[in-house]
Amino acid sequence: MRLTDNPAFAKLQAHQAELEAQSLPALLQDSDRQQALSLSLDDLCVDLSRHKITEETLALFAEMAEAADLKGQFEQLFAGEVMNHTEGRPVLHMQARTAETLQGDEGRKIAIFTDIIRGDKSVKDVVNIGIGGSDLGPAMVTQALAPYHDGPQLHFVSNVDPSHLHDVLAKCTPERTQFIVTSKTFTTQETMANAALARQWLVNAGCAPDRQFAAVSAAPDKAEAWGVEPDRIFGFADGIGGRYSLWSAVGLPIMIAVGTTRFYEMLKGAFDMDTHVRTAPARQNLPMMLGALRVFYRNIHHKSAYGIMAYDQRLKDFTRWAQQTEMESNGKSVDRDGRKLDYFTSPIIWGEAGTGCQHSFFQALHQEADICPLDILVPLRPVPLYRDPAWQKSHKMLVINALAQAEAFASGKDSPEEPHRQFDGGRPVTFMSWDATTPYALGRLLALYEHITIASGFLWHVNSFDQFGVELGKEMAHALAAVGEGGAMPSHFSQSAAVLLAALKDAGTDS
Ligand code: F6P
């Protein structure tokens, strides 16, 4: 069902007209508000009280979720039905976090390899070469779980800019470095270019690259043809989309960093969120309510951006991961039946870690006339639990800053005498907190954002599982590369492109 055909959407529009007259700072005076507008799953609390909404709004969100049969659609997804219609595939990343998958042949093969690499003290550095979903998830999680690292040092190289690989290799010793080439297709230009450079680096140092490369791919034949030994190739199902793949063999760098036990704890957190999305009634269902909130801001408030600020330094790349998850999934303008949409879908997802953001772009968020809704995320306790009271105090300061910002955005402060000091308030914030960023809590959080993406995609009636929008640029890069190798300029390229190509040809190679 298209969003504009959803009867609850029209009700929500009418309801918004009533909300217009209200003031968020005034609504926040209600002492029952926090409890009435909060959702939770164990220690994960999602406080929606700093949005200009009421209990009726949440009831309408639930009605909209029910009218679009989100529960039924999630069930179809979990049942392995073909939900990626354009590519004729099921959506299988949730299956990667089940005990059956872990105990299967591929799951055991990865666990054994992980133990071998972790136990091999000659391996000092592990470099993952991959891009997009083959990089953002594993890199973000590896960083998020830094306190649990007890394996070799992990590095991630994604950009075809040779400086990226160069600067990582400068920290590594050829004989003591293991490479993982992660690519679902094993054809991605950037990844293949970096993998070839890395192999040459080993050869130049007199190493035998065969035993120093592993591959993770849904196209194992291509990895083998490239030269990776079959016992070092780890596959995953075609139905696992790149941006949803960190739970599968794509998580190999995470497993090497923290071990399989911690990795499985993370999967358990995600599995529990899967159970929640399948079983909780719409009004209590975190992904469904937060998916409806995305729609509320995009299609009722007409907001084109949504900020995610994690007050957890180790989650500094969380927003980049969520950005790919949401924007690559829902940045579409045709519906699941191929019909042009007459409403917008994915907002621009952006943001970075607190508290740094407070000292840069938060100025605009506090005082600019255009308002951007935000998620502020914070763990209440640090990992590890610092013994020194001064360190504990710093973590408390972090949480207090997160809270202070949420309060300032929502409540504001009047300054009639000095307009430059005026804070209107009424700026919406979802305040999300949990006990501590353990592997379990992290898995639960990531699965929550995946399911928010899927729930909002269902409401928008788009296919959240294809990404044809990335194709044209790739095709053009291949065509331009052929021109660079002496081919003729295809007629569909502009004169501007020809000018730049000529300049590239003339550019010297020495500095
Ligand atoms: O170009 C986009 C994309 O296809 C993403 O969807 C994917 O995560 C990334 O490139 C990397 O693709 P691969 O894993 O096939 O190298």
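Order of listing sets the numbers, starting from 1, for every ligand and every atom in it. These figures come from a predicted structure and were not determined experimentally. Residue numbers run from 1 in the order of the sequence given.
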S.K.: Counting distance only, does the side-chain N/O of Q153 pair as donor-acceptor with the main-chain N or O of V126 below 3.5 Å?
M.R.: no
S.K.: Test: ring-ring contact (aromatic ring centres under 6.0 Å, His included). Region: residues 103-147. Which pairs qualify, not counting sequence neighbours?
M.R.: F113-F234
S.K.: Side-chain donor-acceptor pairs under 3.5 Å in residues 246-265, sequence neighbours left out?
M.R.:
{"unit_1": "W247", "atom_1": "NE1", "unit_2": "E450", "atom_2": "OE2", "d": "2.7"}
{"unit_1": "S248", "atom_1": "OG", "unit_2": "S245", "atom_2": "O", "d": "2.7"}
{"unit_1": "S248", "atom_1": "OG", "unit_2": "V250", "atom_2": "N", "d": "3.3"}

S.K.: Kindly assign one of parallel, tilted or perpendicular to the pair Y244 and H93, based on the angle between their ring planes and the thresholds 30° and 60°.
M.R.: parallel
S.K.: What residues sit with at least one heavy atom under 4.0 Å from ligand 1?
M.R.: I131, G132, G133, S134, S183, K184, T185, T188, G242, Q324, E328, Q467, V470, K474
S.K.: Would you give me the side-chain donor-acceptor pairs under 3.5 Å for residues 472-486, sequence neighbours excluded?
M.R.:
none

S.K.: On the ring face of F213, is R232 found with NZ or CZ under 6.0 Å from the centre and within 45° of the axis?
M.R.: no
